[in-house]
Amino acid sequence: MKKELKAERQQKIFNKWEAHSIIELVLASALALIVGAGGGYYVRKQQAEGAIGSAEEEARRIVEKAEAAGEARKKEAVLEAKEEIHQMRQSLDKDTKERKADLARQERRLQQKEENLDRKLETLEKKEEALIAKDASLEEERSRAAEMHEKQKAELERISKLTTEEAKAMLMAEAEEEMRHEKAMMIKEYEQQAKDEADKRARDIVSQAIQRCAADQVAETTVSVVALPNDEMKGRIIGREGRNIRALETLTGIDLIIDDTPEAVILSGFDPVRREIARIALEKLITDGRIHPARIEEMVDKAKREVDQRIKEAGEQATFDTGVHGLHPELVRLLGRLRYRTSYGQNVLNHSIEVAQLAGVMAAELGVDVALAKRGGLLHDIGKAIDHENDGTHVTIGADIARKHRESPEVINAIAAHHGDEEATTVEAVLVAAADAISAARPGARRESLETYLKRLTRLEEIAKSFDGVDNCYAIQAGREVRIMVKPDKVDDVASIALAHDIVKKIEAELEYPGQIKATVIRETRVVDYAK
């Protein structure tokens, strides 16, 4: 390879020299014309020999320099290889030492665990020996206790002059008597619960009947009164041979009662929507003054459209107030009808909104589906909108309506289970039932509940005041507590304890109440003197 490099360099030098030679040849030729052919030849020969010698010397220096550089590079590569081998050897030694150290540590841990297991095994063997010894000791104690029991049994039979069988019979008789007393108490408690359930069921039945039948005993909740400007208007409402009143009753399905009540007409009917249509139509006729069958028909149509619009707006407002969206338009319309429906004097639409809000709050506190709880609460009484038009309870009707309009199974279960007709399958259904009970049972929500609540508070204070030595008493905490102030000169501290017990017993015997009532007797003695 060195020879080829040398030959190549020589060829390059020769090519360079040849180019210069051509130029010089041209010059020499020109000179030769002047000097002559002999002198030009001699000069050209000398120049060519000098150029060849210089090129050979340059090629030799380049070859030597390349050989020196290659030798240095070879030595450098050998040194790098040795250094890398040395580093790899050090790394291998280090890894070997670490592995040996890890193996040594693991061996020490295994040895320690083996020693611990040996110690534990030794401890367990000692405990087993101790337990065996203790078991033998206990067996001896049992034997001695059995002997002592037989001796005591014989001694008791001798002292009591009763055999074991006679004593057992006596105890069984006493236990039977005690059980008979407890059984009587339980029967009384169950009877009381049955009465409470019967009263509740009776109130539910009456509330349903109020909306389905207009009877004398419920007339105050199924009638509307329209004020008249004067008694002359009664005759105009009746019309010639009663044609006006017949037309109005036929078109609205509501009975008009025109009696001696001054300046008033009573509208009677079990359907609150029809009653509202009749009321609006009659008020429009009275305001217009033109009362005849054609005008009555026109006004009834206008009243129907007005009531339908009010129903729609009421339903939409209810969904807006509760944040329940995506209801079927028919469900929204039925919600609006609840505006004209009452239960124990409580507006059913307002009650439904309140139940939805209560259920939503409780669902948020428990971390369950708030939207589902609100939806079930708002729709739980939807069946009351048309329960007078269909057979069955409002629970069954409401569940069928929700199922018809493709509500979710969870919402249908909340409607069907809010009175216990079905078992609640979700937490939200339980919350709807609880919210319904809260909304209906709070004091003042319903007329009958309020009257019962006030009567209970009054009777509670009367019972406490009926005892001697009572100065005054107050029912507080919504009737869950009664505080009795006694006269300190007539009732001492010991008598206060007996008085509280007697008051509680009388409350239990004479008063019906939910939960429990706390009776607190307060006795205060004040001594006043003056320093002069």
Side-chain angles (χ1 to χ4, degrees), residues 193 196-197 200-201 203-205 207-208 211 314-339 341 343-344 346-387 390-442 445-446 449 514-515:
Q193 290 179 358
D196 295 341
E197 291 294 329
K200 180 180 177 182
R201 182 60 181 163
R203 287 194 295 269
D204 290 340
I205 294 172
S207 69
Q208 297 294 329
Q211 295 297 327
E316 291 174 349
Q317 187 63 38
T319 60
F320 177 77
D321 291 341
T322 56
V324 176
H325 304 294
L327 289 177
H328 192 278
E330 181 62 21
L331 291 178
V332 176
R333 190 182 70 82
L334 291 176
L335 275 176
R337 286 176 65 92
L338 294 179
R339 175 184 178 184
R341 176 74 153 83
S343 178
Y344 289 104
Q346 185 181 27
N347 185 277
V348 177
L349 180 58
N350 294 337
H351 165 68
S352 298
I353 294 173
E354 185 174 308
V355 169
Q357 292 171 343
L358 287 170
V361 170
M362 291 189 288
E365 290 293 331
L366 294 175
V368 295
D369 194 339
V370 176
L372 175 59
K374 283 188 174 183
R375 199 179 190 93
L378 185 62
L379 298 177
H380 80 285
D381 273 346
I382 195 72
K384 289 185 178 180
I386 55 172
D387 59 348
N390 297 272
D391 294 332
T393 65
H394 76 277
V395 175
T396 305
I397 296 171
D400 291 340
I401 292 172
R403 195 176 292 109
K404 177 182 177 182
H405 294 95
R406 298 184 179 181
E407 285 294 322
S408 65
E410 293 79 8
V411 174
I412 296 172
N413 179 251
I415 296 172
H418 79 275
H419 279 321
D421 293 11
E422 290 186 9
E423 183 179 357
T425 58
T426 62
V427 177
E428 291 81 5
V430 177
L431 293 180
V432 169
D436 178 57
I438 293 170
S439 176
R442 62 179 174 80
R446 297 183 175 184
S449 299

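When reading the values below, keep in mind they use all heavy atoms of this one structure, side chains included, and skip hydrogens, waters and symmetry mates.
- For the pair Glu330 and His405, the minimum side-chain heavy-atom distance is below 4.5 Å.
- The shortest distance between side-chain heavy atoms of Leu335 and Leu327 falls below 4.5 Å.
- For the pair His419/Asp436, a side-chain contact is recorded, criterion being any heavy-atom separation below 4.5 Å from C-beta on.
- For the pair Glu354/Asn350, no side-chain contact is recorded, criterion being any heavy-atom separation below 4.5 Å from C-beta on.
- Two rings, from His394 and His380, have their centers 6.0 Å or more apart.
- The shortest side-chain heavy-atom distance between His351 and Leu338 does not fall under the 4.5 Å cut-off.
- The closest side-chain heavy-atom distance from Arg337 to Ile386 is below 4.5 Å.
- Using a 4.5 Å heavy-atom cutoff, the side chains of Ile415 and Ile401 are not in contact.
- A side-chain donor from one of Thr425 and Asn413 sits under 3.5 Å from a side-chain acceptor of the other.
- His328 is not listed as a side-chain neighbour of Lys404, based on a closest heavy-atom distance of 4.5 Å or more.
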Please determine whether side chain to side chain contact (heavy atoms under 4.5 Å, CB included) holds for the pair His418 and Asp381, giving the CA-CA distance in whole Å, both sets of side-chain angles, and the decisive distance to 0.1 Å. CA-CA 9 Å; His418 79 275; Asp381 273 346; 3.3 Å; yes
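- Rounded to the nearest 0.5 angstrom, Glu428 CD and Leu366 CG are separated by 9.5 Å.
- Using a 4.0 Å cut-off between charged side-chain N and carboxylate O, Glu410 and Arg375 make no salt bridge.
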